[in-house]
Amino acid sequence: MSHILAATPSGTNTDSIAVETVFWILAFISVGAALAMILVRRAVHCAIMLAVVMLCLATMYAMQGAPFLAFVQIIVYTGAVLMLFLFVVMLIGISSSDSVVETIKGQRAAAGLAAIGLFLILILSIGHAAIGPAARTTAANNVDNINLTGLARLIFTTYVFPFEVTGALLITAAVGAMVLAHRERTAPKPTQRDLAARRLVSGQLAPDPAPGVYALHDAADRPALLPDGSTSELSVSQTLAPRDPNEETPPVRPELPAPAVTEAES
Amino acid sequence: MSPIHYVALSVILFVIGGVGVLVRRNAIVVFMCIELMLNACNLAFVAFARMHGNLDGQVIAFFVMVVAAAEVVVGLAILMAIFRARRSASVDDANLLKY
Amino acid sequence: MTTLHTVAATGALKLSWLLLAFPLFGAVVLLLGGRRSNRWGHLLGVAMPVAAFVYGLIAFFTLLGTSHRSQDLHLYSWIPVAGFQVNMNLLVDQLSICFVLLITGVGSLIIIYSVGYMSHDPERRRFFGYMNLFLAAMLLLVLGDNYLVLYAGWEGVGLASYLLIGFWQDRNSAAVAAKKAFIANRVGDAGLSVAIMLMFTEFGTVSFTGVFGTVGSAGSGVATALGLLLLLGACGKSAQVPLQSWLLDAMEGPTPVSALIHAATMVTAGVYLLVRSNPILALSPDARLAVALVGTVTLLFGGIIACAKDDIKKSLAGSTMSQIGYMTLGAGLGPAGYVFSIALLLAHGFFKAGLFLGAGSVMHGMNDEVNMRRFGGLARVMPITSVTFGLAYLAIIGIPPFSGFFTKDPIIDADFTEHGTAGNVLGTLALIGAGITAFYMTRMMFMTWYGRRRWEAGAHPHESPPVMTWPMIVLAIGSVGAGAFLIVNDRLQDFLAPVVGVPPESHGFFTAPGLVALAFALAGVALGWAMYGRTPVPSEASRGSLLTVAARKDLYGDAFNESVLMRPGQWLTRLSVYFDNRGVDGLVNTLAAAVGGTSGRVRRLQTGFVRSYALFMFFGAALLVFGLLVVRL
C-alpha cells in the first residue's frame, strides 16, 4: 500500500491520475463541507461537516506520504476531539442555534472583505513563492522505508524538547480542565440515607417518568404524557429545553421570528 | 499535482474558517471554525514536508494536533463554566468589556 | 596706569581673617542666641567691632613697617572649577586698610553710641547682630582680592541695609523703604554682575591682579563697557542719579544705621569700587567722563533736595547724596582725583557720621521729633551736641582749616584741569554745588540750634548721656583734623600712590577755583543766615516756589521711577497674566479637550463584542502578510 500512498518521485506532475482525481474530488468535498459548516444553523450540523472535512484531510495526508498522520487525524482529531465537541454541544443545548439576523452592523460585510483580501494576498504570496515540485527523496527519508520510524527518529532526536514541553502542556491542560469543571461541594455529600429521607419527605417516591413516551416521538427532550393528556415536566432532563408535545417532527427552525426580508440568507 | 494545489486548498479552508469565526455567534461553532483553521495549517505543513523531502513538516503537524487537542480541552471546559454561570453560549453576550 | 603686585601675607597680616571673624562671630552669636542673649548682647555687639578696630590698627602699622604694602592672604579655594578659579583671598593693601580703619573705627564709635540710643528698644540685641553682620560684609567687600568676593560683600551689605532699614518691623513705612532700597540696589547689582561676567569672558579671571594685568590688551571698547557697568553698580550702592531714590527713604531706619550705613560706609562702597578699578577707567576716557558727569549731576541733585527738606535726617541724606557726588566726580578725574576722592571719603565719614549722630541726639532729646520746624534754640539746652554738630558743619562746608576745605577743593580744582571744556562745565557746576552745600547746612544749623524755640508742647530736650556724647566728640575731632592730616604734606597721596597713581603736580591749596569755592560757600552761608537766621523761621512750611515744591518731592525722582518703570512693569505683569490665562491655559485646555474628545470617539471601538475584536485581528493578520509580501517582492 505504501507505493500508492507514497509520492512517485518524477516531474512536476508527480502523481498518478488516480491520485489527482482523488485530490480534486476531495478538494471539492472539503470546501463544500467547510462552507456548509459556516452556513448551517445548528451546532450539531456544524460538527458533522467538520468531521467530513477532517476525514478528507486525513485522506490527503495519506496521499502525501504521511500515513501515520492520516491515522492520527482520524483517531485523535476526528475521533476524540470532535466527539468532545459533540459532548459539549449536547450539554449546552442541542437545539441552540443562531438567528439569521446579524447583531453587529457591518460585521458580515467586513468579514467578507477581510476574507477576500486575505485570500488574495495569500494566494499571491504562495504563487510568488518558490514552491517546487515534490522532492525526490521523500521515501528515502523514511527509515527502513517506514514513515512511522522516520517520524519517531525526528521526534525523539531533533524535536525532543518540544515533545517534552508538549507533554507538559497536555498534563497542564488536563489538570486545568479538571479544575475548571470541578464544582466545589458547599454541603456534605448526601449519603444514601439522606437521599432516602429526602425522598420520603418530598412526597415523590417513584423516579421521574421517562421522556418520549409517545410512539411518534422518541427524543430525550419530549415530555411524557400523563393519563389525563397533560405533559409532565418531570420527564425531561433540566438541561434540555422541553418541546411542545404536539409539535410536528422534524422541527424546522422552531424559534424563527417573522421572516426578515432585509437579511439575506448568506 | 504539485504541492501548491494542496497549499491553495489549505488557504481556502483557512479563509473559510476565519470567516466562520467572525460570523457565527454560537461559541461552540466558533471553536469548530478555529479547529478548521488549524487543520488547514496542518495540510499546508504536510504539503511543505512533501516539497522539501524531509519529515519536519509532518512532525510539526503532529505537534499542532497535540496542541490543538489540549486547547480544545481547556477551551471547552471554559465554555462549560461560562455556560453554567450565564446560561448562554453566545459570544455576543460576553460583552462586559464594552466602553 | 597702575598694576597690582601682591605678595603673600606675612607676619601679623596672616591673621587678617580676624577682621572678618570678629564681627561675624558677633553677628552669629547675637542672631542665633535669641532672647537669652538680650542682657549681654550689646556688650558683645560693641566688643567685636572694637576688637576688629584694634586688629585693624595692628595691621595698619604692620603694613606701614614693611615695604611690601600689598599683601594677599589666601583663605581657601572658593570656586575651583577648571577654567574659572576664584579664591577666597584677602587683599590688605593701602586702599583697603584705609577703608578698614574707617569702617571699624567709625563703626565702633557709632555702635558705642547706639548702646545709649537704642537703650529703650527691646529688640536692641537684634540691632547689634545686624550691625555686626553689616560690618562683616563691608569688611569682606573692601578686603576681597577679586571682584567676586567684592560682590559677595556687596550683596551682604545690601542685605544688612535691608534688615536695618526695616528694623522696626511694626512700621509699614520702614518695610516699604527697605524693599525700595533693596530693589534700587538690585538694579545696580545687575550692572556689577554683568561687569564681572564680562571680565570673565574677556580675561578668564576676576581677580584684581589678573584683570588689571590683562585689561590693557583688551581694547578701549571693553574697558568702556566695563567702566560703564561698574558705574551702574556704584550708582546703585552709592545712591547716585539715576538710582538715588532709595536713600531718602532709608532714613526710616534708626539713626545709627543712617550714620553708619547711609553716610559713612555702605554708600561709599561705590566709590571704593570705582577707585579700585582705576586701571580699567584709565583706559577709557569716555567712562571717566560718564563717571564725572554722574557725580556732578548727583551733587546738584542732592544739594537741591537738601535745601527744601524739613526733616533733619532727610536733609542730611540729601547732603550725603551730594557729597558722594563729589567723591564720584573725583573718581572720574583719573589719578588727579582718586586721592582726593578717598580723602573726602574718609573725612566725610567723620563729619557726616558726626552730623547724623548729632541729629540722633537731638531726636533722642525731642522724643524722636524730626521736623526741624519744631526745633529751634536748642544750642543752650544741648551744648555738647551743638558744638560737635557745629564743628562738623564747618568741616562740611569747606571752611579752612577744617576737613572739607582740604578734601573738596582739590577735587574742584582737578575738575578744571581734566576733560577739557566738559571739565570746565563740570567744575563750574561743582562750584555752584559748594554754595548750595553751605546754604542748606547753614539753614539746618539755624533752624535747629538758634532762633526762637518752636518746640511741641511737652518736649523736654536734654543733653544725651555720655555713652552718646563721647563718640560725637571723637568724631568732631576727626572732622576738624582729618582733612589737614591727610592732605598736607601729601601724606595720603604718597601712601596711596602705588594703588591709584600720582596726581599731576598740585597747585597748592589757594588756587583760583579753591578761592572761588570758598567765596561761594561764604555766599551760601550768608544767604542761609539771611533767610533762616535773621528772619524767624515759620512753624509751618510755606507753599514755596516751583523749585521748592519739586525739591520737597525729591525732584520728582519717585514720580519718574513710577511712571517709567513701575507702571510699565505692572502693565507687563498684567499682560503676562492675561496671556497665561487665555493663551497658555487656553492652549493647554484645548489640548486636553481635544484629547478627551478624540478618546471619547475612539473608545467606541471597544464594542465589547469578541467578534469585532476578532475582525480587527483578522485585518491585522492580512496587513501583516501584505507587509511581508511587499518586503519580499
Side-chain angles (χ1 to χ4, degrees), chain A residues 7 12-15 19-20 23 27 31 34-35 37-38 43 46-47 50 53-54 57 60-61 64-66 69 72 76-77 81 84-85 88-89 92-93 96 98 103 108 111 115 118-119 122-123 126 131-135 137-138 141 150-151 154-155 159 162 166 169-170 173 176-177 180-181, chain B residues 1-9 11-20 22-29 31-33 35-36 39 42-43 46-47 49-56 58-59 61-63 65-74 76-81 83 89-90 92:
Chain A
T12 319
N13 205 354
T14 53
D15 296 333
V19 174
E20 194 165 341
F23 168 75
V31 170
L35 282 171
M37 191 182 106
I38 67 171
C46 295
L50 187 60
V53 172
M54 286 186 182
L57 288 183
M60 284 191 205
Y61 296 159
Q64 291 193 290
L69 221 53
V72 165
V76 171
Y77 230 135
V81 172
L84 205 55
F85 269 111
V88 174
V89 167
I92 284 184
S96 68
D98 291 337
T103 48
R108 284 194 189 166
L118 188 63
F119 174 72
L122 284 172
I123 290 291
I126 64 171
I131 301 213
T137 54
T138 313
N141 255 340
L151 274 178
L154 265 183
I155 288 177
Y159 296 99
T166 318
L169 172 70
L170 277 174
L180 280 167
Chain B
M1 191 78 282
S2 66
I4 193 169
H5 295 86
Y6 291 99
V7 177
L9 175 64
V11 166
I12 297 173
L13 289 174
F14 185 85
V15 168
I16 293 175
V19 170
L22 295 176
V23 168
R24 299 299 303 249
R25 270 199 296 283
N26 194 337
I28 306 178
V29 177
F31 232 124
M32 287 196 271
C33 295
E35 288 305 309
L36 178 60
N39 274 286
N42 270 357
L43 180 61
V46 174
R50 181 137 171 262
M51 185 182 94
H52 287 298
N54 55 25
L55 296 177
D56 288 41
Q58 295 185 17
V59 172
F62 176 70
F63 280 126
M65 270 185 221
V66 172
V67 171
E71 167 215 343
V72 164
V73 163
V74 175
L76 290 177
I78 293 175
L79 204 59
M80 290 280 298
F83 182 78
S90 166
D92 277 354

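Just so it is clear, the model here is predicted, and its values are computed rather than measured. Protein chains get the first letters and strands the later ones, always in sequence-line order, with residue 1 at the start of each. The figures here come from the full heavy-atom set of this structure, side chains too, leaving out hydrogens, waters and symmetry mates.
Here B/A70 is the residue among B/A61, B/G17, B/A70 with the most heavy-atom pairs under 4.5 Å with chain A. For the set B/V11, B/I12, B/L76, the entry with the most heavy-atom pairs within less than 4.5 Å of chain A is B/L76. Listed options B/A47, B/A27, B/A68, B/A69 were ranked by heavy-atom pairs under 4.5 angstrom with chain A; first place goes to B/A47. Contact tally against chain A (heavy-atom pairs below 4.5 Å) for B/I28, B/V19, B/V66, B/V72: the top residue is B/I28.
Considering every non-hydrogen atom in both A/M37 and B/R24, the closest pair reads O-NH1, 3.5 Å. Contact between B/V46 and A/A66 at its shortest, heavy atoms only, is CG1-CB, 4.2 Å. Taking both residues in full, the closest heavy atoms of A/A43 and B/M32 are given as O-CE, 3.6 Å, listed atom of the first, atom of the second, then distance.
For B/F14, the part sitting under 4.5 Å from any heavy atom of chain A is the side chain, from C-beta outward, and nothing else. Residue A/L69 touches chain B through both its backbone and its side chain, counting heavy-atom pairs closer than 4.5 Å. Interface remark: A/L57 contributes side-chain atoms only to the contact with chain B (heavy atom separation under 4.5 Å). The contact between B/N39 and chain A is made by backbone and side chain atoms together, counting heavy-atom distances below 4.5 Å.
At a threshold of 4.5 Å between non-hydrogen side-chain atoms, the residues A/L151 and B/F62 do not count as touching. Residues B/E35 and A/F85 are in side-chain contact: their nearest non-hydrogen atoms beyond the backbone lie under 4.5 Å apart. Taking 4.5 Å as the limit, every side-chain heavy atom of B/M65 sits out of range of all side-chain heavy atoms of A/V76. No side-chain heavy atom of B/F83 sits less than 4.5 Å from a side-chain heavy atom of A/V88.
Judged by distance alone, the side chain of A/R108 and the main-chain N or O of B/V23 form no donor-acceptor pair under 3.5 Å. Side-chain atoms of B/Q58 come within 3.5 Å of backbone N or O of A/G65 as a donor-acceptor pair.
Residues forming a side chain to side chain contact (heavy atoms under 4.5 Å, CB included) with A/L154 (at least two apart in sequence, or on another chain): A/T158, A/Y159, B/L55, B/D56, B/V59. Taking A/A34 as the reference, A/V53, B/L13, B/I16, B/L36 meet the side chain to side chain contact (heavy atoms under 4.5 Å, CB included) condition, with sequence neighbours excluded.
In this structure, CE on A/M54 lies 9.5 Å from CG on B/N42, to the nearest 0.5 angstrom. Separating the CE atom in B/M51 from the CD atom in A/Q64 is a distance of 11.5 Å, to the nearest 0.5 Å.
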